[in-house]
Protein chains: 2
Amino acid sequence: MANERLAQALLAPRCVALIGASGDPKKNTSRPQRYLRKHGYTGRIVPVNRERNEMFGEKAYPTLLDAPDGIDHALIMVPARFVPDVIEQCAAKKIPLASIYSDGFAESGEAGRQLQQRVLEIARAGGVRLIGPNGMGVINTHLPAAVSINAVLDIERLLRGPVGVISQSGSVMGALLSRGQARGLGFSKLVSVGNECDLSVGEILDMLVDDPDTRTVLLFLETIRQPELLAQAARRAFAAGKPVIVYKLGKSDIARELAASHTGAMTGSDDSANAFFGLHGIIRVETLEAMIELPPLLAGNRPPTGRRIAVLTTTGGGAAMVVDNLGRLGLDIVAPTAGIVERLAAKNIAVKPGTLMDLTMAGTRKEVYSAVLGELLASDHCDAVLAVVGSSSQFHPQHAVEPIVAAVPAPKPLAAFLVPDAAASLDHLRAAGVAAFRTPEACADALRAYFDWRAPPPPPPAADVGAAAALLGNNISPQLDERAACEVFEVLGIARAAAAVIRTPDEPVALGFPVVAKILSPDILHKTEAGGVALNIATPQALQSAAREILARVRAAKPAARIEGVLVQKLERGLAEVILGYKNDPQVGPIVMLGVGGTLAEVYRDFCVRLAPVSFEQAQEMIGAVKGLALIRGYRNLPRGDLDALARAICALSNLARVESRRIAEAEINPLIVKRDGEGVVAVDGLIVTPRD
Amino acid sequence: MANERLAQALLAPRCVALIGASGDPKKNTSRPQRYLRKHGYTGRIVPVNRERNEMFGEKAYPTLLDAPDGIDHALIMVPARFVPDVIEQCAAKKIPLASIYSDGFAESGEAGRQLQQRVLEIARAGGVRLIGPNGMGVINTHLPAAVSINAVLDIERLLRGPVGVISQSGSVMGALLSRGQARGLGFSKLVSVGNECDLSVGEILDMLVDDPDTRTVLLFLETIRQPELLAQAARRAFAAGKPVIVYKLGKSDIARELAASHTGAMTGSDDSANAFFGLHGIIRVETLEAMIELPPLLAGNRPPTGRRIAVLTTTGGGAAMVVDNLGRLGLDIVAPTAGIVERLAAKNIAVKPGTLMDLTMAGTRKEVYSAVLGELLASDHCDAVLAVVGSSSQFHPQHAVEPIVAAVPAPKPLAAFLVPDAAASLDHLRAAGVAAFRTPEACADALRAYFDWRAPPPPPPAADVGAAAALLGNNISPQLDERAACEVFEVLGIARAAAAVIRTPDEPVALGFPVVAKILSPDILHKTEAGGVALNIATPQALQSAAREILARVRAAKPAARIEGVLVQKLERGLAEVILGYKNDPQVGPIVMLGVGGTLAEVYRDFCVRLAPVSFEQAQEMIGAVKGLALIRGYRNLPRGDLDALARAICALSNLARVESRRIAEAEINPLIVKRDGEGVVAVDGLIVTPRD
């Protein structure tokens, strides 16, 4: 299998060439050779340097063409402009993989982007796969093989362990290694992917799924490239029981701007990225330390069925710091059951009433803590257990955490938080495979991340979009107006308000009153601002004058606009107005978006995004996730909206993602009116943007 | 001065009595004696124990009455039921201060609350001041005197330093000491206040303001007791240039519930607590580590004037982790000015264009990093500087952070974040007094906390509330109905809609139409639900029938209600409806609240709280802080509301706090209609709840 050969070259190279290596130990480019040997690489190293024929005891070659055959992995450190030639040489030498450390490519502007494209074309033509450019190399702690310029390799020794890392930032790859090892976390493979011009995170993750030394994978992302490959690999990882944890930048506008300039990548919205991770079973953390602390919590566990956490502690105030954060993140802290309290009482352990099991000083007795922890782990009233330990963890580390270390494993996560500075206790717990947390914030974040984890659902059932595709095929305009767009929505299954088009103000309409009148023009995007809308028209006479005024106002405001007439639409009323949107996100592809209509909701940025197409169940989840829709979900005494019809409309719009004949950049129904339960939804305005490209 | 004597007894006791001390080293109650000597206390220790006349080499006494005179501080560890007697003995022995470690008081229920009250009365009568009950004691590292049972005192030695701690949780006091010392942070005084039945956080803070060894104070709070004392002390601390940093539980409902059960305290809303901290210059952090890491950032600095941070880094990805959080918290990351870029270019330092100053590998050269950092600190284009250091901080700690340590101090904060695990670098920075952060989250939280810091404003100018007080004095109802409440609001300065009361449906009204009709009854709180409201009535005839129907419906729905008539009100329209509320918060006292009206805004919980009364400027800030009011602050093309009139109305309602003759529990104007700029605001409905107590 071609992929096996590639994985071997990437993760377990037998021979590594270092192109542009320096013999001057002060130069960064001298590091890889030093690091390889320092960390015990036993394969062959081939330094390539025009000016030396020996470097640090290894024979050096003036060019790659002069080097011996059998090279698995070429690490390229020459200036960007020389890289195309070196890749040609890699092809000539049948080297399956080159990783390019050099920068000055897509991350540096248009000229760099073109150079990167040329390098990629040469590599493709020559059968060479690429990591980078602007990548920091690859580390395998097990082989070992540390093919990297990253200064973290000055570390004394590499700790082997079950955690793989794939990072778009070379320095953060180093930071994870450094911070992880400091906490006793060992790694299997670490890959810095740089600009991902060829091999991207997804394809490398796929290799780690097949890597027996890797049980969990950490991703550090600034953007998402090749989302299909990442999605497939993440789903394979989930099926294989290997959790994938991601820390992704881009929660703020400034970070998205930086990512664009730092990596040369297009960035989409953070909500789209979240939807992508959620759909494919990737667990997102918000704190850096949670990345390092979460893996043991997941080991052997599957996504939860509830959101209930039981907490035991020897210190009320210490535990409350975690619990306060958990509460804010929407998790349920559950009190012990009457049965638990009784069974403990039978063992002479009195439990104070309350949600937290605050054992106070008594809890520092091992048998008390053990008994309570055992009851919680064995009980099905909670989906996870948090064990908090106070000052004893600082001065009696072995003794204080012994009940936690000795606890009988249960099919639910166990997290430990130590209130004081208690490095030795943290180490004991880590060594025993218990997830141990240093800060209340990372502890809460990790538990929240676990509770948000879901198994990737199967793709939604097939749907026929032939009629919509045909309508879209017949319309050559880059933007479909209200009427044309609503026709597409209608054939997708979304009812639209009854309407007629009149060419002159006195043309009669066969609609019940009241009605609404709107200008119909392919050249007018903002109808209201052009004076092109009249609402709540009660009679045919009023319609005549309204239409006359609309035409007069629009002709005055937009003399050049082509006017197709006036759209007269039955006035629709309902319980709520929602916005239903569809978009091709630059990072993750088609998404569907649901939000509450109106300017006030716009100010609150209250909407839910999912990857399109969605299933009916996913659409229902979206409705549940929009805060403002509480008003039609049965809030106080307010009537319930037709949520099933709304969910069907979400699915229908999301099916635009299935139209293959024409690329749809954006579509929007605004507003979609939601009526009372049983009365449906109706589209009142909308548009579709579908540039010919 | 009486207070000096107390401060000396609390912080620098010359003789300490330990009542209920054990001679068995396995018992917790043996600890204080051991800890006192272990940490170098040179004063006299008086153990009191019925069964021994010698303990650990000190003479012991059967009762406190048998002990010698001159005791400054009695630490009481006997079971709760014996505490009253011991306090009487303290009084007899003229001991100025007793701290009660014993639990079983207010935190344990009603019986405990009564016992606590009794203890307090005995102490007051006898001139003894109290710490606790349920407190963990007092530590002075400078004297030294560690009068505490807290196991953190098993620590090898106490590090002296400028940071004081006052904690409502004894174990968290220990955790702060433990975590702080592990990071090289030394403390001056630490006080665990327990239930605060007498001496509360405020009074102790006041002593620390006068303590020359204390430069910064950390507060760990579960609730706020005696807010006036805390406010005064915090303002004195601000004036003295001693920053007060608080970590307060209670962000979630569950934490507020826990605080109530754990400390026996009433808890108010977290927004009220925030308003309190903000008003009195107390800096609130959200992360535990920020407590320990923030003090050096504040040292010598005053509240900022802008929100601009300049960032320099040797690693783009590492810095972006902090920057992403900063962006999300609403801070501005600013690019270097053209002048800075030019001056650096003159030194042969090329700066890549962009917001972050990413120096990459070049930045690991000391002279480059120093030059850039110097420019940023000297420039007024930013209000703080964040210096990020990559892998070099791990292996070359001295070298990597040298430019930061050597930077010329500037009148703005400098924060350092180290991307890898770099304990030695953190230590170097700490030793040099630089604020150094271990996690991106705590770093961002600390900077955000600094940027939210404001000087405590003077109290708002006086206002005459005589007319309102008179109206309130004349009305004996515990709840003022719409009409009576709006009369009070009117004399406070808030216009109300023109209105008249009719007793019978055919009574004429001298109002312009359209009008609104509402039932007027002291017994009907929810007028709409009782069928007591009719909107948008266009003519006198329509009013007659509407009034008739209202009366019929209300009599059917609420046969027992006293009906005073029908309130007919001119229909008012404006740009927005807001809710303006006033409340006596159980933690912090009178507050005023501004929110957007309507159920949708209610779902988003979008409101702003400030302590009442407020100044005009504070009212303006409140308007700026309510997200949904963007719609009347000049959003897109929407007209601007009369924000000055709204601010005046906020001040007016907040003046209810000045009414001394009658306690007002709650008042609300809902809605207050905001008209176009220049057209004012008008109250359309409201109520005042003012129980006779």
Side-chain angles (χ1 to χ4, degrees), chain A residues 28 150-152 154 168-169 171-172 174-175 178-179 182 220 222 249-255 257-259 261-262 287-289 315-318 320-321 323-324 327-328 333 354-356 361 390-392 394-395 419-421 439-441 596 599-601 603-604 606 627-628 630-631 635 638, chain B residues 28 150-152 154 168-169 171-172 174-175 178-179 182 220 222 249-255 257-259 261-262 287-289 315-318 320-321 323-324 327-328 333 354-356 361 390-392 394-395 419-421 439-441 596 599-601 603-604 606 627-628 630-631 635 638:
Chain A
N28 293 335
N150 197 311
V152 73
D154 278 325
Q168 287 174 344
S169 157
S171 67
V172 174
S178 150
R179 287 172 175 256
F220 179 88
E222 301 182 337
L249 296 174
K251 293 171 284 187
S252 64
D253 292 342
I254 174 77
E257 203 182 283
L258 287 176
S261 68
H262 183 223
T287 58
L288 179 60
E289 288 210 328
T315 146
M321 290 191 288
V323 165
D324 201 4
R328 198 164 50 156
I333 314 299
T355 314
L356 273 193
M361 289 270 187
S391 55
S392 58
Q394 184 173 12
F395 303 104
V419 182
D421 180 73
T439 67
E441 297 81 24
V596 181
T599 39
L600 188 58
V603 166
Y604 294 119
D606 177 27
K627 262 190 176 177
L631 300 189
Y635 185 78
L638 297 178
Chain B
N28 293 335
N150 198 311
V152 73
D154 278 326
Q168 287 174 345
S169 158
S171 66
V172 173
S178 149
R179 287 171 176 256
F220 180 88
E222 301 182 338
L249 295 175
K251 293 171 285 189
S252 65
D253 293 340
I254 174 77
E257 204 181 285
L258 288 175
S261 68
H262 184 224
T287 58
L288 179 61
E289 289 209 328
T315 145
M321 290 191 288
V323 165
D324 200 3
R328 198 163 50 156
I333 313 299
T355 315
L356 274 192
M361 289 269 186
S391 54
S392 58
Q394 183 173 13
F395 302 105
V419 182
D421 180 74
T439 67
E441 297 82 24
V596 181
T599 39
L600 189 59
V603 165
Y604 294 118
D606 177 25
K627 261 191 178 178
L631 300 189
Y635 186 76
L638 297 178

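Letters A, B, ... are given to chains in the order of the sequence lines, protein chains preceding strands, and every chain is numbered from 1. Note that these values count all heavy atoms, side chains included, but never hydrogens, waters or copies made by symmetry.
Nearest heavy-atom pair across A/Gly317 and B/Leu249 is O-CD1, 4.4 Å. Across A/Arg179 and B/Asp421, no two heavy atoms sit closer than the pair CG-N, 3.6 Å. Closest approach of A/Tyr604 to B/Gly628, counting heavy atoms only: OH-CA, 3.4 Å. The nearest pair of heavy atoms linking A/Phe395 to B/Val152 is CZ-O, 3.5 Å. A/Glu441 and B/Thr287 make their closest contact through OE2-CA, 3.0 Å (heavy atoms, listed as atom of the first residue, atom of the second, distance).
Note: B/Gly250 leads B/Gly390, B/Gly318, B/Ser392, B/Gly250 in heavy-atom pairs under 4.5 Å with chain A. Between chain B and the options A/Thr439, A/Asp324, A/Val603, the largest number of non-hydrogen pairs under 4.5 Å is found for A/Asp324. For the set B/Gly174, B/Ala182, B/Ser171, B/Ala601, the entry with the most heavy-atom pairs within less than 4.5 Å of chain A is B/Ser171. Residue with the most contacts toward chain B among A/Pro420, A/Ala320, A/Pro440, A/Ala151: A/Pro420 (heavy-atom pairs, distance under 4.5 Å). For the set A/Leu631, A/Leu638, A/Val172, A/Leu356, the count of heavy-atom pairs under 4.5 angstrom toward chain B peaks at A/Leu631. Interface summary for chain A: among B/Asp606, B/Val596, B/Thr355, the most heavy-atom pairs under 4.5 angstrom belong to B/Asp606.
Interface remark: B/Ala630 contributes side-chain atoms only to the contact with chain A (heavy atom separation under 4.5 Å). For a residue to count as touching a neighbouring chain, one of its non-hydrogen atoms must lie under 4.5 Å from one of that chain's; by this rule A/Asp253 does not touch chain B. Contacts of A/Ser391 with chain B are made by side-chain atoms alone, with heavy-atom separations under 4.5 Å and no backbone atom involved.
In this structure, B/Leu600 CG and A/Lys627 NZ are separated by 11.0 Å, a value rounded to the nearest 0.5 Å.
Under the 3.5 Å distance criterion, with hydrogens and angles disregarded, a donor-acceptor pair is assigned to the side chains of A/Gln394 and B/Ser178.
With a 4.5 Å cut-off on side-chain heavy atoms, B/Val323 and A/Ile254 count as touching.
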